[in-house]
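Below you'll find the structure, written out as structure tokens, and then a few comments.
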Amino acid sequence: GNSVTQMEGPVTLSEEAFLTINCTYTATGYPSLFWYVQYPGEGLQLLLKATKADDKGSNKGFEATYRKETTSFHLEKGSVQVSDSAVYFCALSKTGGGNKLTFGTGTQLKVEL
Amino acid sequence: EAGVTQFPSHSVIEKGQTVTLRCDPISGHDNLYWYRRVMGKEIKFLLHFVKESKQDESGMPNNRFLAERTGGTYSTLKVQPAELEDSGVYFCASSQAGARAKNIQYFGAGTRLSVL
């Protein structure tokens, strides 16, 4: 079946540091890939997505590239801010399967001054 | 436009009791999904409604869980009787109809269920 593996947290960084959160997936065919973010006390929000190989999703300074050859969708940001502190979830969905999402375990990010 | 609304935000019940969670999707969204995150683990799919019909309930853990979406608007998820392992955060999400639109799901803030 489908699965998503993302790096364990928590991750603690200083403000303006470079961020990478690794995500790899297992799925047949060509899933769509997503990063969702959950800020404290809020619901999950879609951060970015990519629907085919080599697509790059980007939003709010975050980027992730759909790598079919390595089945990866790593999240990156060049300079994190305290306001980026949140839990980040990598996920995939398959068209034709009702688009239900398969999530990773989530990675908590804490950014300090 | 209002987002996906869930309530209660937090429910504390004793083992054996019944709890009903409610989700109000974004108006006009035909697709409604329930997910659950057990402490520290991944968010897992429970079921998917298209309007009032259950499209996929393959993630429902057992028959103590009953989901309904009468009239194709809001949905309820009832747990009866609740067990300790049902504790977790229950998320609801909705999306528009159509192949491309279905790819984006909008989530509520979740209901944190604590079974003691």
Side-chain angles (χ1 to χ4, degrees), chain A residues 1-11 21-27 29-52 55 57 59 66 73 86-108, chain B residues 2-7 9-10 21 23-26 29-51 53-60 67 88-112:
Chain A
N2 302 328
S3 67
V4 174
T5 302
Q6 61 182 107
M7 62 188 290
E8 295 281 332
V11 173
I21 301 178
N22 290 336
C23 171
T24 57
Y25 67 90
T26 301
Y30 298 90
S32 294
L33 302 175
F34 306 84
W35 277 99
Y36 277 84
V37 58
Q38 185 180 24
Y39 298 103
E42 300 183 13
L44 280 77
Q45 301 174 24
L46 179 65
L47 181 60
L48 53 84
K49 60 177 257 188
T51 57
K52 61 182 187 294
D55 266 3
N59 186 25
Y66 190 141
F73 193 55
V87 182
Y88 292 81
F89 294 91
C90 186
L92 68 82
S93 73
K94 296 287 298 294
T95 303
N99 289 302
K100 63 185 177 186
L101 290 163
T102 299
F103 285 91
T105 53
T107 302
Q108 183 166 7
Chain B
V4 177
T5 306
Q6 293 185 246
F7 48 94
S9 58
H10 192 186
L21 314 181
C23 170
D24 286 69
I26 293 172
H29 280 194
D30 286 345
N31 295 289
L32 188 148
Y33 303 82
W34 284 98
Y35 296 87
R36 176 174 73 171
R37 188 185 191 205
V38 174
M39 178 68 78
K41 298 195 174 181
E42 69 270 29
I43 300 170
K44 285 195 171 181
F45 167 81
L46 295 178
L47 86 158
H48 170 208
F49 284 99
V50 177
K51 296 184 180 180
S53 299
K54 291 177 185 175
Q55 184 79 8
D56 179 356
E57 51 184 330
S58 61
M60 295 287 263
V89 181
Y90 290 76
F91 291 101
C92 175
S94 71
S95 68
Q96 292 179 307
R100 287 175 64 85
K102 275 201 294 187
N103 243 340
I104 299 177
Q105 296 180 26
Y106 298 85
F107 281 77
T111 294
R112 181 175 297 276

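First the proteins, then the strands, lettered A, B, ... as listed; each starts at 1. Predicted model only: the values in this text are computed from it and were never measured.
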field: Interchain contact, B:Ser58 with chain A, by part (heavy-atom threshold 4.5 Å)
entry: side chain
- prompt: Do A:Gln45 and B:Tyr106 have side-chain heavy atoms sitting under 4.5 Å apart?
  reply: no
- line: Across all chains, not counting sequence neighbours, the side-chain hydrogen bond (donor to acceptor under 3.5 Å, both in side chains) partners of B:Tyr90 are B:Arg36
message: Tell me every residue that passes side chain to side chain contact (heavy atoms under 4.5 Å, CB included) with A:Thr107, counting only those two or more places apart in sequence or in another chain.
response: A:Gln6, A:Met7, A:Val11, A:Ile21
field: Heavy-atom proximity to chain B below 4.5 Å, by part of A:Thr51
entry: side chain
query: Of the backbone (N, CA, C, O) and the side chain (C-beta and beyond), which part of A:Gln38 lies under 4.5 Å from a heavy atom of chain B, both, or neither?
result: side chain
Side chain to side chain contact (heavy atoms under 4.5 Å, CB included) between A:Leu101 and B:Phe45, worked out: CA-CA 7 Å; A:Leu101 290 163; B:Phe45 167 81; over 6 Å; no
- request: Against chain B, label A:Leu46 side chain, backbone, both or neither, depending on which of its atoms sit under 4.5 Å from a heavy atom there.
  value: side chain
message: Using side-chain heavy atoms (C-beta onward) and a distance below 4.5 Å, is A:Phe89 in contact with B:Arg37?
response: yes
- request: Using modelled atom types only, decide if a donor and an acceptor are shared between the side chain of B:Tyr35 and the backbone of A:Phe103 within a distance under 3.5 Å.
  value: no
query: What do the steps show when you test A:Phe34 against B:Gln105 for side chain to side chain contact (heavy atoms under 4.5 Å, CB included), and what is the final call?
result: CA-CA 10 Å; A:Phe34 306 84; B:Gln105 296 180 26; over 6 Å; no
- prompt: Can you check side chain to side chain contact (heavy atoms under 4.5 Å, CB included) on A:Val4 and B:Glu42, steps first, answer last?
  reply: CA-CA 9 Å; A:Val4 174; B:Glu42 69 270 29; over 6 Å; no
field: Best-contacting candidate, A:Ser93, A:Gly104, A:Gly41, A:Gly9, against chain B by heavy atom pairs under 4.5 angstrom
entry: A:Gly104
- prompt: Any side-chain heavy-atom pair from A:Thr105 and B:Ile43 closer than 4.5 angstrom?
  reply: no
Straight-line distance of A:Asn99 CG to B:Asp56 CG, nearest 0.5 Å: 11.0 Å
